[in-house]
Asks: 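Mind looking over this structure? Questions follow.
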Amino acid sequence: MSTIKITFPDNSVREFENGVNGIQISESISKKLAAEALAVEVDGEVWDMSRPINKDAEVKILKWQDDGGKYTYWHSSAHLMAEAIEEIFPGTKFGIGPPIENGFYYDIDMGDHAITADDLAKIEGKMAEYTQHDFPYIRKELSWQEAYDYFKQKGDDYKLELLEEHKNEKISLYKVGKFTDLCYGPHVPSTGRIKFIKLLNVAGAYWRGSEKNKMLQRIYGISFPSKKELDEYLYRVEEAKRRDHRKLGTELEIFLLTPKVGGGLPLWLPKGTIIRETLENFLRQEQKKRGYLAVVTPHIGNLNLYKTSGHYPYYKDSQFSPIKVENEEYLLKPMNCPHHFQIYAAKPHSYRDLPIRLSEFGTVYRYEQSGELNGLTRVRSFTVDDSHMFVRQDQLKAEVCDVIDLIQLVFNTLGFKDFTTRLSFRDPLNKEKYGGADELWDRAEREILEAAEEMKLNYKVAIGEAAFYGPKIDFLVKDVLGRTWQLGTVQIDYVMPERFNLEYVGSDGQKHRPVVIHRAPFGSLERFIGVLIEHYAGEFPLWLSPLQVVVMPITDAQNEYAASVVNKLKQAEIRVELDTRNEKINYKIREHELKKVPYMLIVGDKEKNSNSVSIRRHKKGDLGSQPLNEFIKSVTEEIENKKITS
RNA sequence: GCUGGCGUAGCUCAGAGGUAGAGCAGCUGAUUCGUAAUCAGCAGGUCGUCGGUUCAAAUCCGACCGCCAGCUCCA
């Protein structure tokens, strides 16, 4: 028997008999490892523990802690679920059942039967039963024809369709208990590895993700090796629900969505408007420092503008229908750029004037499918903190760096420490998709990369993700649900200046084409604030909080003093309310704690007689008494510094 | 847009063929109180909308509207 060399992650090398498998390797290392091992990575590919290795290879034993281990675990869980479904609902046709970022799903076709919560409980119960039996996952390799015959007699049409794409290949099947599935693998050694299972929900999903195909039922689930991990996961799901901006936004009276106005058309309530305006003013100030010029443009524009830009009719389906006025057609503006281009084009520009940075909090309107609307994060009317900067090619990199710096400032100020960026470049194999000259693109992509390096961005490059008019940088933030939101964006544009015939006169006296940078640090105020609400769980930092201080007298003997405190706070431009309701102090405290008011000032006779206030900080409790002037000073400082905590 | 689930008072929910109920919020009164709910009374609803079945519908059936989950989409 020949031997093979196995290299481990620590670069140690050991010899094993040819045909050794992951189980034997892990057993040779330690019993504990063998018990925890879920799969084995062989030369970068994840394999079953039982699959023989026939050549020298780099091997890593995968446990739950490894992504490949989790992936395998959830993949096997999906199969276990399919087995349970087949047992309970014979005749079910199976689509695909892959692992996902958090758990797994299986797409199934049960004809007319719609899965109910009871069904889920039954399936979950059956799965738990199977884990007790500790069925092994057995891999079989068949010829294409054998596999085809098997699924043909079983009537699994979807599997047959999948097989069509793998003609002339060896087909691998996995058998667990009585259920046999078409599958690349890999799987964990046996069902006993899967300990704690929770089936989460059912939703429709098109077969192979195409609207043209039949809709199948998709069952989502998750599984863990320990109860603790399952409980933690379920807790996180609950926490995400608690932070949901749609719930908090309504409770805290930030915004209102009502069918009487229309889906995806949020109304900003007084408290939400304070947050919005505070954010806007913050950005306006920063932009003034950086030489931006504010402009204001109307909410509609002549349809021809969007024909010139090339967006219409290409994006016709995601715009509101045109409005006919006299002999012209107008569009609710889906973006601000064409308006801004007209401002630039209205007079000649010298190379000395560039860059010109036009900025506007511009509200745009896009038609989103009704099923896509979601709170503030997906709406039909939203306000972009837009700017279009017209620059010379030689100014591009410095300008991009300045924009990145601004976006970083915005994110850091708001406490988004963990954001990543995506540099979207064109696909060099598919150049005809993009406008603009080759050398401009090459240069722009190089300069974006240099700018990203210079600004120390945590970035990854996405080839083929560029807009048709130029490469871009997107800023991505993860919310508590683990969803990634694209907030800020910087886009380089060579196409629009051409289409709108934008120019400047260079030092050579000739006309030149400027480059346009589109950028928005918040992206949209709606989405940004939606994410902020969840990020802070509604507990905004003081500078953003709609209500900063509530003053509450213990009895009405202090009403007059309390009113004078409120007055002084108002003069210091602190957002304050007076609560003289005839209620016990505990009642008032509870109420304002629930409304997440940052500071509560309690004034009784002691405070009245010493011109002081007793301070209670939201979630922190009683901070003791302080002279009023000192309180005003420290609060003002907290607001001015935009402090994130306390 | 598609599939499924859900729509009862401002909010959270109970009622599952016999004619609508609780807690909180609101209003009125009493209480004047020191760091997360004082007590009492009052008021509040064509049970999402429209149609059908029935002696009788919040309850059963159908259509529509809205919300939620996911799919598809997102310049």
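Here the structure is a predicted model, which is why all the values come from computation and not from measurement. Chain A is the first sequence line, chain B the second, and so forth, proteins listed ahead of strands; every chain is numbered from 1.
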Asks: Assuming nearest nucleotide by heavy-atom distance, tell me which of A:Asp556 and A:Glu368 is located more 5' along RNA chain B.
Replies: A:Asp556

Asks: Quick one: A:Lys472 NZ to B:C74 C1', roughly how many Å, whole number?
Replies: 10 Å

Asks: So which one's nearest nucleotide on RNA chain B is more toward 5', A:Gly209 or A:Gln217?
Replies: A:Gln217

Asks: Please report the distance separating the P of B:U8 from the corresponding atom of B:U12, rounded so that it comes out in whole Å.
Replies: 9 Å

Asks: Hunt down the Watson-Crick or G-U wobble partner of B:A37, both distances under 3.5 Å, from any strand shown, or write none.
Replies: none

Asks: Given B:G70, B:C73, B:A75, identify the nucleotide with an atom nearest to the side chain of A:Arg378.
Replies: B:C73

Asks: A:Thr297 and side chain to side chain donor-acceptor pair (under 3.5 Å): which single residue from A:Gln342, A:His339, A:Glu360 fits?
Replies: A:Glu360

Asks: When the ring centroid of A:His518 is compared with that of A:Tyr469, is the distance short of 6.0 Å?
Replies: yes

Asks: I'd like the C1' distance from B:A43 over to B:G26, given in whole Å.
Replies: 9 Å

Asks: To the nearest angstrom, how far is A:Asp119 atom CG from B:G4 atom P?
Replies: 14 Å

Asks: Write down the partner of B:C71 under the Watson-Crick or G-U wobble criteria, each distance required to be under 3.5 Å.
Replies: B:G1

Asks: Can you label the angle between the A:Tyr365 ring and the A:Phe320 ring as parallel, tilted or perpendicular, going by 30° and 60°?
Replies: perpendicular

Asks: Are there any protein N/O atoms within less than 3.5 Å of an N/O atom in nucleotides 23-27 of chain B, and if so, which ones and at what distance?
Replies:
unit_1	atom_1	unit_2	atom_2	d
B:A25	OP1	A:Tyr587	OH	3.0

Asks: Closer than 4.0 Å, any side-chain N/O of A:Arg246 to the OP1 or OP2 of B:C68?
Replies: yes

Asks: Looking at B:G10, which nucleotide sits across from it as a Watson-Crick or G-U wobble partner, both distances under 3.5 angstrom, or is there none?
Replies: B:C24

Asks: Looking only at side-chain N and O atoms, does A:Asn374 come under 4.0 Å of OP1 or OP2 in B:A69?
Replies: yes

Asks: By nearest atom, which of the nucleotides B:A75, B:A36, B:U38 is closest to the A:Pro334 side chain?
Replies: B:A75

Asks: To the nearest angstrom, how far is A:Leu199 atom CG from B:G5 atom C1'?
Replies: 17 Å

Asks: Among the candidates B:U32, B:A69, B:A75, find the nucleotide nearest to the side-chain atoms of A:Ala203.
Replies: B:A69

Asks: Just so I know, are the side chains of A:Lys198 and A:Tyr233 near enough to count as touching, which here means a heavy-atom distance under 4.5 Å?
Replies: no

Asks: If you check every side-chain atom of A:Lys584, which of B:A75, B:G34, B:C33 has the closest atom?
Replies: B:C33

Asks: Taking the six-membered ring for Trp and the single ring otherwise, decide whether the centroids of A:Phe631 and A:Tyr599 are under 6.0 Å apart.
Replies: yes

Asks: Do NZ/NE/NH1/NH2 and the carboxylate oxygens of A:Glu368 and A:Arg378 come within less than 4.0 Å?
Replies: yes

Asks: Given atom NE2 of A:His245 and atom C1' of B:C68, what is their separation to the nearest angstrom?
Replies: 13 Å

Asks: Does the plane of the ring in A:His388 sit parallel, tilted or perpendicular to the ring in A:His340? Use 30° and 60° as the thresholds.
Replies: perpendicular

Asks: Go through B:A36, B:G34, B:G66 for me and flag the one nearest to the A:Glu607 side chain.
Replies: B:G34

Asks: Let's test this: given Watson-Crick or G-U wobble pairing with both distances under 3.5 Å, identify the partner of B:U19.
Replies: none

Asks: Between A:Asp109 (CG) and B:U3 (P), how many Å, whole number?
Replies: 14 Å

Asks: Let me confirm one number: the CE-OG distance from A:Met335 to A:Ser309, rounded to the nearest 0.5 Å.
Replies: 5.5 Å

Asks: A:Lys606 has a side chain; which of B:G34, B:C73, B:C71 sits nearest to it?
Replies: B:G34

Asks: Picking from B:C2, B:A69, B:A36, which would you name as closest to the side chain of A:Arg590?
Replies: B:A36

Asks: Should B:C47 form a Watson-Crick or G-U wobble pair with both distances under 3.5 Å, which nucleotide is its partner?
Replies: none

